[in-house]
K.L.:
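After the structure tokens below, expect a handful of questions from me.
Numbering of ligands and ligand atoms starts at 1, following listing order.
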Amino acid sequence: MPELVLHTSGRTWTLDASRSYTIGRDQQADISCIDRRVSRRHLVIRCDGGTWVIEDLGSANGTFAEGRRIQRIEIGHGSIVRLGDVSTGTRLDFTEAPAAVSDDPVDRGTSVAAAAPPVVPGPRPGEVPAAPTGVAAAGGDDLFRPLPHHAASDLARAAVPRTPADAGDARARDIHRSEGPPAGPRGAAAALSIDRDPSGVYPLVLGQRLRIGRAQDNELVVEGPYVSRYHAEFRPLPGGRFEIVDLGSHNGTYVNGQPVGHQLIGPYDIVGVGHSTFRLAGDRLEEFVDTGEVSFTARNLTVTVGRGKTILDDVSFGVPEKSLVAVIGPSGSGKSTLLRALTGYRPADRGQVLYDHRDLYAQFAELRHRIGLVPQDDILHKELTVDVALKYAAKLRFPGDTKAAERKARIDEVLQELRLDVHRGKKVASLSGGQRKRVSVALELLTKPSLLFLDEPTSGLDPGLDRNVMKLLRGLADDGRTVLVVTHSVAELSLCDQVLVMAPGGSVAYFGPPGEALDYFGHDSWADVFSAFEDHRDDDWGGRWRASRQYDRCAAEIDSAVPPQQPGAPAAQPPARALRPKPQGWIGQLWTLMRRYVSVIASDKGFMALMLLLPAVLGGVSCLIPATYGLAPPPSDSRFRYNQESGTILLVLVVGMCFSGAANSVRELIKERVIYERERATGLSRSAYLMSKVIVLGLITTVQGVIICAIGLSVRQLPAQGLLMPTAVELCVVISALGFTTMMFGLVISALVRTPEKTMPLLVMFAVVQVVFTGVLFRLFDSPGIEQVGWLMPARWAVAGAGTTLDLAHTMPPWNVDKPDDVDPLWAHTVTQWGIDLGVLLAIGLVCGFAVARLLRRHEPEVMRD
Ligand SMILES: Nc1ncnc2c1ncn2[C@@H]1O[C@H](COP(=O)(O)OP(=O)(O)OP(=O)(O)O)[C@@H](O)[C@H]1O
């Protein structure tokens with residue numbers, strides 16, 4: 001009986017007549033295929049009474065030969081069969097094995113491969129041409145899985161899978177490797193999806209582009225909140241190769257986790273667009289949509305702080321897909337540290353976090369879009385209504401070309417899913433703790449993350465709400481997400497699939513089903529377990545866990561997640577360029593942030609009133625100072641030569657503006673630090689964020705400056721003419737500039753402190769220091785040390801600027817009556833000096849801006865720092 005040779009997707013099997021072969025997507029199939037259109041057990045090939053036959057095993061999409069669906073046909077040399085689709089389905093070509101082969105099946109297969117490359121028959125009329133030769137064809141073998149070990153050994157005796165002309169193929173791969181980017185992340189990425197079925201397989205027509213995006217007129221429509229309408233394009237290159245080109249997408253196109261503008265794609269490369277990843281497989285493109293059915297594994301995570309103190313100790317566990325995992329443990333056992341390590345906020349010093357076999361730290365730029373994190377504190381502006389808060393969040397996270405209607409539709413969907421629609425018009429501040437937590441979860445769900453982390457979502461909630469929130473999380477996991485929740489509450493652990501128990505010292509004490517946990521510890525209640533942790537803090541809880549039989553089960557899962565190309569690789573940092581926001585998004589982000597900020601301010605009527613009242617009062621109190629000549633010098637016919645009060649009035653105006661400017665901003669960063677941290681991790685631009693504060697607060701402060709001046713100067717006599725402009729206008733410019741700079745100082749304080757309470761003492765200190773350094777109370781110039789410190793003070797330069805306009809040096813009495821011309825050089829009544837004073841004042845503000853940007857960096861997820 002002649003042996004039959006099967007050729008498909010660049011591979012060849014020599015079939016032995018003494019046995020049958022199943023083909024299907026099932027890993028247990030003799031020949032396992034990953035085309036999604038192929039059923040798990042699609043067909044069987046066997047030799048029946050001396051004739052080779054194919055029998056469809058009731059496949060969903062059918063088996064086709066000669067343009068029609070078949071149930072059973074005889075096959076032989078030249079037969080062509082397609083699986084799943086009549087013209088584009090996976091193609092099987094059959095030829096007879098060459099006669100001159102050795103008796104040994106393995107040798108036989110090898111000799112066929114080496115000596116006689118299989119002859120694949122040409123297409124019949126109506127057939128799509130066979131896979132293109134050359135590079136694209138070489139990648140085609142990936143459509144078929146490596147055989148499971150048991151099947152491989154079994155088949156080695158009878159069917160020898162091999163690529164067409166192995167040597168030539170190897171050469172083709174070498175060419176790919178030598179011409180592509182260096183090894184590293186590329187190799188790591190090759191592990192992706194090898195054991196997953198693609199969600200879709202699309203034919204690539206040689207010479208034709210394939211555009212990917214949300215819009216329906218793309219050749220490949222990809223849905224998702226992170227996909228732009230026209231996102232990226234596979235472009236053909238000579239030689240059957242393809243490059244991926246980003247079409248200016250909002251959230252980027254990634255190759256092996258790194259953002260690219262355009263890049264040549266080889267068969268080992270993974271292209272990321274939104275929640276989809278693509279891989280070239282011969283003459284087709286495989287799509288893998290992340291629907292939450294992915295593994296998530298922590299391997300040997302270790303975090304050390306200070307002088308080598310370990311706060312997370314070799315933590316390993318593997319989270320099954322679509323599961324709810326609770327992390328519990330006594331206070332200080334490293335739960336928050338673990339969460340920060342798992343989400344990339346503070347990567348572990350050693351170890352790996354593997355998401356779908358991909359290194360999260362190395363590929364954070366792309367994978368961050370798959371992660372949702374609900375921190376302990378709310379990540380919404382409490383002043384806004386639920387609807388408005390979600391609207392701004394969606395604007396910041398979705399691509400710029402997402403229509404308002406699309407965003408609204410997603411918001412509606414999420415609100416409905418979390419049963420929040422009835423609360424959508426309410427202010428976040430007016431919601432209960434549990435409802436607020438739901439809104440935070442809703443915000444994170446907007447972008448459909450497949451992994452959701454929550455840090456103590458039930459803290460402060462009563463047992464009923466605790467249960468409600470945990471049930472919500474259970475539902476989210478069931479709907480196709482992996483949810484990991486850090487919690488202090490053990491009441492609802494039974495709702496979870498797994499529980500990770502952290503022990504003092506940051507090691508794992510247990511990981512597994514919650515129902516088996518108490519048995520493992522040998523206690524009746526969690527209170528007893530936690531007491532045992534407390535009483536035996538120095539015990540080796542981690543060692544005990546690793547020695548347990550439950551650990552073996554867990555270890556196997558962890559090992560299976562390791563990508564083969566990068567065993568034991570240290571946690572890598574992503575390249576800085578990966579983290580820079582796209583320039584085209586900057587203006588959009590700034591505009592949205594400014595609008596949101598104005599909405600937040602406008603929604604607080606009390607605060608708005610105070611903002612207007614403060615300068616009005618400060619300007620008003622300056623009017624109470626009795627001054628016959630106001631801010632002007634006494635007239636020449638007066639009996640007075642000097643106007644002492646002019647300095648006092650100026651001091652009150654300047655200090656009032658200092659206080660007002662700094663007070664505007666001193667709480668503005670600290671009060672929304674958690675929101676900033678979270679948004680930064682989702683791609684918010686630091687400079688756009690800072691600029692939004694500077695512009696909005698700058699405008700408010702300028703208005704305040706005008707109010708102070710309008711009230712404070714309206715009742716005063718002023719010198720008839722300023723240096724460049726009318727005196728009042730010139731003074732107003734300087735006072736407003738002072739407001740801007742002190743506002744920037746306030747931002748420095750706000751970025752510096754760790755708690756809002758610390759802002760007030762610092763604000764008071766700042767204001768008092770400014771009073772001292774105005775240069776009006778005592779002589780500052782020619783006082784070594786003090787003079788130089790004064791140069792750092794905005795008030796010093798503001799008084800100087802106003803002083804040049806008013807010619808304060810000659811209006812106020814001299815410091816030394818014997819030397820009336822020994823005047824402050826910064827007060828010289830010249831246009832140049834006015835320009836210098838104003839310039840330095842603004843320059844201090846600018847320096848403050850850089851300082852704020854630097855300080856903000858400290859509060860960002862470590863992987864986002866650039
Ligand atoms: N940056 C740091 N420097 C020094 N020690 C730190 C640092 N961060 C955390 N720690 C210490 O590491 C340990 C673990 O802290 P972590 O906040 O992760 O614990 P936790 O289990 O979340 O605690 P809790 O349940 O009280 O929130 C604590 O002892 C903490 O003091």
Side-chain angles (χ1 to χ4, degrees), residues 298 300-317 325-351 353 373-379 433 437 440 452-461 466 469-470 483-493 496 498-511 514 517 521 526-527 529-542 545 571 573 673-674 677-678 681 751-755 758 855-865:
N300 312 109
L301 296 182
T302 302
V303 174
T304 44
V305 290
R307 291 186 191 153
K309 183 187 170 199
T310 301
I311 57 172
L312 202 63
D313 189 5
D314 203 15
V315 171
S316 298
F317 62 91
V325 181
V327 181
I328 60 169
S331 200
S333 57
K335 301 183 294 295
S336 303
T337 307
L338 174 66
L339 202 66
R340 295 176 83 80
L342 292 177
T343 50
Y345 267 56
R346 197 293 191 194
D349 300 304
R350 266 197 315 113
V353 179
L373 170 65
V374 181
Q376 211 166 338
D377 296 320
D378 292 322
I379 45 176
K437 203 47 80 180
S440 291
L452 186 63
F453 295 91
L454 299 102
D455 194 0
E456 301 191 15
T458 58
S459 72
L461 301 186
D466 178 11
V469 171
M470 289 305 280
V483 181
L484 190 141
V485 53
V486 170
T487 179
H488 271 124
S489 162
V490 292
E492 305 301 332
L493 283 185
C496 303
Q498 311 277 333
V499 60
L500 174 68
V501 184
M502 300 293 293
S507 59
V508 175
Y510 172 81
F511 177 73
F521 287 107
W526 282 107
V529 176
F530 279 53
S531 295
F533 283 145
E534 196 49 47
D535 297 342
H536 307 280
R537 291 190 73 84
D538 296 331
D539 280 11
D540 184 8
W541 293 97
W545 164 240
Q573 291 295 322
R673 184 164 295 164
V674 182
E677 268 187 20
R678 183 64 202 120
L752 194 67
V753 295
R754 294 204 180 271
T755 55
K758 294 200 179 109
L855 290 167
L856 273 179
R857 197 175 165 275
R858 291 186 318 160
H859 306 295
E860 293 171 2
E862 249 176 58
V863 278
M864 292 301 291
R865 294 179 192 169

K.L.:
With a 4.0 Å cut-off on heavy atoms, does Ser333 reach ligand 1?
P.N.:
yes
K.L.:
Can you list the steps and then say if Phe521 with Trp526 is a side-chain contact (heavy atoms from CB on, under 4.5 Å)?
P.N.:
CA-CA 9 Å; Phe521 287 107; Trp526 282 107; 4.2 Å; yes
K.L.:
Among all protein non-hydrogen atoms, which one is nearest to atom 17 (O) of ligand 1, and what is the separation to 0.1 Å?
P.N.:
Ser336 CB, 3.8 Å
K.L.:
Would you mind running through ligand 1 and noting each atom that sits below 4.0 Å from a heavy atom of Gly334?
P.N.:
14 (C), 16 (P), 18 (O), 19 (O), 20 (P), 21 (O)
K.L.:
List the atom of Pro514, the atom of Cys496, and the distance in Å for their closest heavy-atom pair.
P.N.:
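Result for this residue pair: CG-O, 3.3 Å.
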K.L.:
Do any nitrogen or oxygen atoms of Val305 lie less than 3.5 angstrom from nitrogen or oxygen atoms of ligand 1?
P.N.:
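No, Val305 has no N/O under 3.5 Å of an N/O on ligand 1.
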K.L.:
Check Val483 against Leu454 and note the closest heavy-atom contact, atom names and distance.
P.N.:
CG1-CD1, 3.5 Å
K.L.:
By number and element, which atoms of ligand 1 are closer than 4.0 Å to a non-hydrogen atom of Ser331?
P.N.:
23 (O), 24 (P), 25 (O), 26 (O)
K.L.:
What closest approach, in Å, do Ala503 and Ala509 show between heavy atoms, and which atom pair accounts for it?
P.N.:
CB-CB, 3.8 Å
K.L.:
Between Leu312 and Met502, is the side-chain contact (heavy atoms from CB on, under 4.5 Å) condition met? List the steps.
P.N.:
CA-CA 9 Å; Leu312 202 63; Met502 300 293 293; 3.7 Å; yes
K.L.:
Looking at atom 25 (O) of ligand 1, what's its closest protein heavy atom, distance included?
P.N.:
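Of the protein heavy atoms, Lys335 NZ, 2.8 Å lies nearest.
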K.L.:
What orientation do Phe511 and Phe317 show, parallel under 30°, tilted 30 to 60°, or perpendicular over 60°?
P.N.:
tilted
K.L.:
Of all the non-hydrogen atoms in the protein, which one sits nearest to atom 14 (C) of ligand 1, and at what distance?
P.N.:
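The closest heavy atom on the protein side is Gly332 O, 3.4 Å.
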K.L.:
Starting from the C-alpha separation in whole Å, work towards a yes-or-no answer on side-chain contact (heavy atoms from CB on, under 4.5 Å) for Leu855 and Arg858.
P.N.:
CA-CA 5 Å; Leu855 290 167; Arg858 291 186 318 160; 3.9 Å; yes
K.L.:
Looking at Ile311, which atoms of ligand 1 are within less than 4.0 Å of one of its heavy atoms?
P.N.:
8 (N), 9 (C), 10 (N), 11 (C), 12 (O)
K.L.:
Could you tell me, atom by atom, which parts of ligand 1 come under 4.0 Å of a heavy atom of His488?
P.N.:
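Within the 4.0 Å cut-off of His488, ligand 1 contributes 25 (O).
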K.L.:
Can you confirm whether something in the protein, heavy atoms only, sits under 4.0 Å from atom 30 (C) of ligand 1?
P.N.:
no
K.L.:
As an exercise, state the distance from CG of Asp313 to CG of Leu338, rounded to the nearest 0.5 Å.
P.N.:
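It comes to 12.0 Å.
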K.L.:
Please compare Leu338, Thr310, Thr337 and report which has the shortest non-hydrogen distance to atom 15 (O) of ligand 1.
P.N.:
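Heavy atom nearest to atom 15 (O) of ligand 1 belongs to Thr337.
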